[in-house]
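Quick notes on the structure that follows.
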Amino acid sequence: MTDANQHEPLLLRVTGLTVRLNSSHGLVHAVEDVSFSLARGQTLGIVGESGSGKSVMARSLMGLLPRRSIAFGSGSILFHTDNAQEQDLAQMPDKLMRHLRGPAMAMVFQDPMTALNPVLRLSVQLTEPLRQHLGLDRQQARSRAIELLAAVGIPDAAGRIDQYPHQLSGGMRQRVVIAIALACNPALLIADEPTTALDVTVQKQILDLLARLQREHNMAMILITHDLGVVASRADYIAVMYAGRIVEYAPARTLFTSMQHPYTEALFKSIPRINDPSHTRLQAIPGRPPQLINAAVGCAFAPRCQYVQPRCRQQTPPVVEVPDAREHRHACFYPISPGLNREEGDD
Amino acid sequence: MTDKTPCQLRERDDIVLRVAHLSVNFAVGKQTVQAVTDVSFDVARGETLGLVGESGCGKSTIGRAIMQLPPPSAGAVIFRDQDMTVLSGEALRQTRTGLQMIFQDPVSSLNPRRRVRDIIAEGLTIWGRDNSAARVEEVMSAVGLDAASAGDRRPHQFSGGQCQRICIARSLALDPDVLICDEPVSALDVSVQAQILNLLEDMKARYHLTMVFIAHNLAVVKNISDRVAVMYLGKLCEIGNTEAIYSKPVHPYTRALLASIPDADPLAREQALLDEEPLLQGELPSPADPPSGCRFRTRCPYAQERCAREEPFMQAAGDDHFVACHFPLL
Ligand SMILES: Nc1ncnc2c1ncn2[C@@H]1O[C@H](COP(=O)(O)OP(=O)(O)OP(=O)(O)O)[C@@H](O)[C@H]1O
Ligand SMILES: Nc1ncnc2c1ncn2[C@@H]1O[C@H](COP(=O)(O)OP(=O)(O)O)[C@@H](O)[C@H]1O
Ligand code: SF4
Ligand code: SF4
Ligand SMILES: [Mg+2]
Ligand SMILES: [Mg+2]
């Protein structure tokens with residue numbers, strides 16, 4: 001499966017990524033056979049409900065999953081470094097991965113406090129990667145750090161740099177985390193729910209900031225969220241995850257104009273919309289997302305799908321291309337095709 | 001504080017809950033945090049009032065002050081023709097059963113050691129109401145819980161959405177007039193969030209409830225509310241019917257808030273007016289040291305000299321639509 005992405009050179013190609021984790025309840029099938037690719041400067045939005053495997057996938061791309069919790073891993077993560085070489089991150093030893101984190105790829109998490117050390121001044125946390133990866137001296141690193149803080153919109157950066165994280169608001173902390181992530185100009189930024197803990201006004205500021213910095217550095221971004229609204233206007237491509245799999249993948253606009261997977265449709269319809277009148281009845285999805293303990297037989301969405309057929313419970317639907325569509329894939333036996341009058345499910 | 005009745009309070013005989021000049025201050029070290037300052041609103045029978053605003057603006061504090069948990073620093077909370085702030089002891093406890101509250105984190109508001117049916121029966125037993133198995137099962141089935149299979153289990157065996165159903169059942173068992181919901185769906189997955197919002201609408205119709213619905217998600221609030229009150233830094237900015245607030249917002253803060261919402265449909269982004277809105281600048285000031293005059297002035301793109309000097313009071317901005325701003329965007 002290849003994506004056109006014809007304008008920009010390819011940066012990342014993930015093929016058949018599967019990650020199963022040990023847990024006290026059994027094997028967690030967190031990521032199953034995930035494939036996608038991403039070109040420089042582009043944004044892939046990943047949406048899905050809690051527990052659908054978004055964070056495990058992101059951490060495995062970054063090589064940040066603790067080795068002991070991985071029960072099984074397969075697939076490849078081909079990353080094109082600056083000199084056009086291709087490296088498989090899935091095969092890379094931890095020691096080499098550490099050198100890539102920062103200059104090649106960086107990550108921003110939902111809770112800025114997990115990424116910041118509460119007992120260290122911002123100056124220390126910002127200058128450390130600059131000195132380590134870019135070899136700047138103390139003075140150079142400090143002035144670069146102040147520039148970075150100013151670039152992410154921290155007022156009075158020169159004064160703030162000697163403060164501790166707890167002296168900042170939540171929105172400012174997330175800006176600092178972004179400044180640290182961008183310190184070494186990574187080619188890829190993975191932002192895992194970077195605004196979920198923030199108010200809408202701050203969310204907009206942070207997302208606008210990410211978009212601006214991305215443009216300026218032609219950085220590729222994977223933007224993970226449970227909010228379809230966040231990716232709708234900000235991603236070039238959208239991947240919808242359910243139970244560890246990408247169940248639909250398409251250019252953002254295509255996804256909204258001709259969604260194929262029943263889960264994408266159900267998710268979209270269950271969200272209250274700001275343009276709908278008050279008291280509009282929401283189309284809730286019955287049940288709840290599955291636990292990923294042990295392998296499920298058949299389509300993971302079958303227990304909640306209004307179009308389910310007997311076959312859905314016996315076989316796992318493979319990922320297929322939508323005929324005559326560009327870069328549009330889904331994993332459903334009975335996709336939603338406009339004009340096709342579908343029967344409702346058998347139960 | 002003024003004695004004058006604020007213009008947003010309505011002259012109607014079906015007002016169930018009236019909050020007038022409510023203020024809540026907290027002592028934090030040597031400072032006083034003005035969490036809520038001079039807030040007035042009312043809720044008519046069968047109405048849902050949505051309360052929106054950013055984190056820390058005082059929404060939960062208002063919810064708790066209505067319940068007298070703790071009682072407000074100033075102002076009145078009129079419920080069933082009584083000012084709850086002057087009640088105490090048994091009289092307060094009795095009146096309070098008419099007001100029930102549900103919270104964002106349903107799991108931690110349930111006793112983990114008790115069975116679901118006992119959790120629901122507990123309030124009924126305390127208040128000497130009908131705590132029979134039949135009554136418990138009736139409310140359980142009303143909220144979509146199967147009494148036979150769920151009644152004997154304990155909270156940790158349920159998902160967040162199911163626990164919220166249990167909390168709703170526990171509240172409804174006491175047959176309240178008013179249900180105060182503080183971010184009841186914020187911690188839930190979107191697919192489950194829709195189930196709970198629909199359930200609240202159904203329960204409202206079935207049990208003739210009046211609701212105060214607190215949330216920071218503007219689309220959720222619009223979906224469930226008849227009227228909406230917008231708060232900023234402890235004060236009301238704008239209040240009115242939902243349609244007016246969402247389609248003709250006149251307070252600069254309400255505009256900024258609405259302009260920040262990401263739209264789940266990129267094709268429906270024809271919000272030209274809102275998209276053009278100047279963005280909020282700067283940081284939220286501390287509620288321990290709020291700006292003089294209009295509290296929003298340090299971030300308001302329309303602020304003028306008068307805004308620092310003079311506090312704006314509520315004025316009419318249309319039919320059932322009120323705004324506290326010197327220069328509303330009419
Ligand atoms: N270290 C771990 N060990 C075992 N299981 C884990 C581990 N981390 C995550 N899981 C499990 O893997 C599954 C996917 O989790 P993940 O955190 O990727 O979900 P998510 O899509 O990011 O959800 P959210 O929206 O809540 O962040 C879940 O069932 C989770 O409990
Ligand atoms: N018990 C308390 N002691 C001190 N300050 C408090 C207390 N409860 C709330 N506050 C403060 O009051 C303000 C309003 O808080 P809250 O009502 O929880 O806001 P919201 O629910 O709108 O997020 C905040 O500044 C908060 O820090
Ligand atoms: S494969 Fe079947 S159950 Fe799964 S989403 Fe498609 S129609 Fe529904
Ligand atoms: S009173 Fe002044 S500062 Fe306050 S919202 Fe109106 S214009 Fe802005
Ligand atoms: Mg996650
Ligand atoms: Mg709150």
Side-chain angles (χ1 to χ4, degrees), chain A residues 47-52 153-155 168-172 195 197-205 207-208 225-235 238 252-253 255-257 263 266-289 291 304, chain B residues 48 50 52-57 159-162 185 187-199 201 216-228 241-243 246-247 253 256-271 274 279-284 299:
Chain A
V47 288
E49 293 180 90
S50 205
S52 56
I154 303 263
L168 308 178
S169 70
M172 270 203 244
T195 58
L198 305 173
D199 279 308
V200 277
T201 53
V202 187
Q203 166 172 296
K204 182 168 162 63
Q205 292 168 355
L207 293 173
D208 287 347
T225 169
H226 61 265
D227 188 343
L228 261 176
V230 165
V231 292
S233 50
R234 296 180 184 271
I238 296 178
R253 212 186 151 79
L255 188 85
F256 288 96
T257 49
Y263 176 65
L267 193 61
F268 191 70
K269 286 187 174 165
S270 70
I271 303 169
R273 308 282 293 281
I274 200 80
N275 293 325
D276 285 345
S278 297
H279 306 297
T280 299
R281 187 83 182 169
L282 299 170
Q283 302 191 29
I285 311 175
R288 61 181 169 123
Q291 305 287 302
R304 310 174 77 192
Chain B
T48 298
V52 291
E54 289 170 282
S55 160
C57 72
S159 65
Q162 296 292 85
V185 297
L188 304 178
D189 263 314
V190 284
S191 67
V192 180
Q193 174 178 306
Q195 296 169 9
I196 298 296
L197 288 171
N198 284 345
L199 174 68
E201 291 275 38
H216 65 274
N217 182 323
L218 290 136
V220 165
V221 167
K222 181 178 181 190
N223 181 268
I224 201 152
S225 306
D226 304 295
R227 298 179 88 229
V228 172
N241 67 79
T242 306
E243 205 41 47
Y246 282 80
S247 60
Y253 177 64
L257 210 52
L258 288 169
S260 304
I261 307 172
D263 195 320
D265 185 353
L267 307 169
R269 281 196 75 82
E270 268 134 36
Q271 297 176 291
L274 294 176
L279 254 189
L280 286 191
Q281 296 302 319
E283 293 282 321
L284 199 65
R299 305 173 76 196

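In the text below, chain A, chain B and the rest are named by the order of the sequence lines, each starting its count at 1. Please read these numbers as outputs of a predicted model, since none were measured by experiment. The basis for the numbers below is simple: all heavy atoms, side chains too, and nothing from hydrogens, waters or symmetry mates.
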Checked A/Gly51, A/Gly171, A/Pro289, A/Gly287 vs chain B; the most non-hydrogen pairs under 4.5 Å come from A/Gly287

Looking only at A/His226, A/Gln283, A/Gln205, most heavy-atom pairs under 4.5 Å shared with chain B are made by A/Gln205

Test side-chain contact (heavy atoms from CB on, under 4.5 Å), reference B/Val52, set B/Val221, B/Val220, B/Leu258, output is B/Val221

Test side-chain contact (heavy atoms from CB on, under 4.5 Å), reference B/Leu197, set B/Ile224, B/Leu188, B/Val192, output is B/Ile224

What part of [X] lies closer than 4.5 angstrom to a heavy atom of chain B: side chain, backbone, both or neither?
{"X": "A/Arg234", "answer": "neither"}
{"X": "A/Pro286", "answer": "backbone"}
{"X": "A/Gln203", "answer": "side chain"}

Interface check, chain A: of B/Gln162, B/His216, B/Gln195, most non-hydrogen pairs under 4.5 Å belong to B/Gln195

Contact part of [X] toward chain A, heavy-atom cut-off under 4.5 Å: side chain, backbone, both or neither?
{"X": "B/Gln193", "value": "side chain"}
{"X": "B/Leu218", "value": "both"}
{"X": "B/Ser225", "value": "backbone"}
{"X": "B/Glu201", "value": "side chain"}

Notebook entry, point to check: Short question: side chain of B/Asn223, backbone of A/Thr280 - any donor-acceptor pair under 3.5 Å?
Noted result: yes

Is it the case that the side chain of B/Lys222 and the backbone of A/Asp276 share a donor-acceptor pair, with hydrogens and angles ignored and the cut-off at 3.5 Å?
yes

Between A/Ser270 and A/Ile285 the two heavy atoms that sit nearest each other are CB-CG1, 4.4 Å

Sorted by chain and number, sequence neighbours left out, side chain to side chain donor-acceptor pair (under 3.5 Å) with B/Asp226 holds for A/His279, B/Lys204

*asked:* The test is side chain to side chain contact (heavy atoms under 4.5 Å, CB included); show your working for A/Thr195 and A/Lys204 and say whether it passes.
replied: CA-CA 9 Å; A/Thr195 58; A/Lys204 182 168 162 63; over 6 Å; no

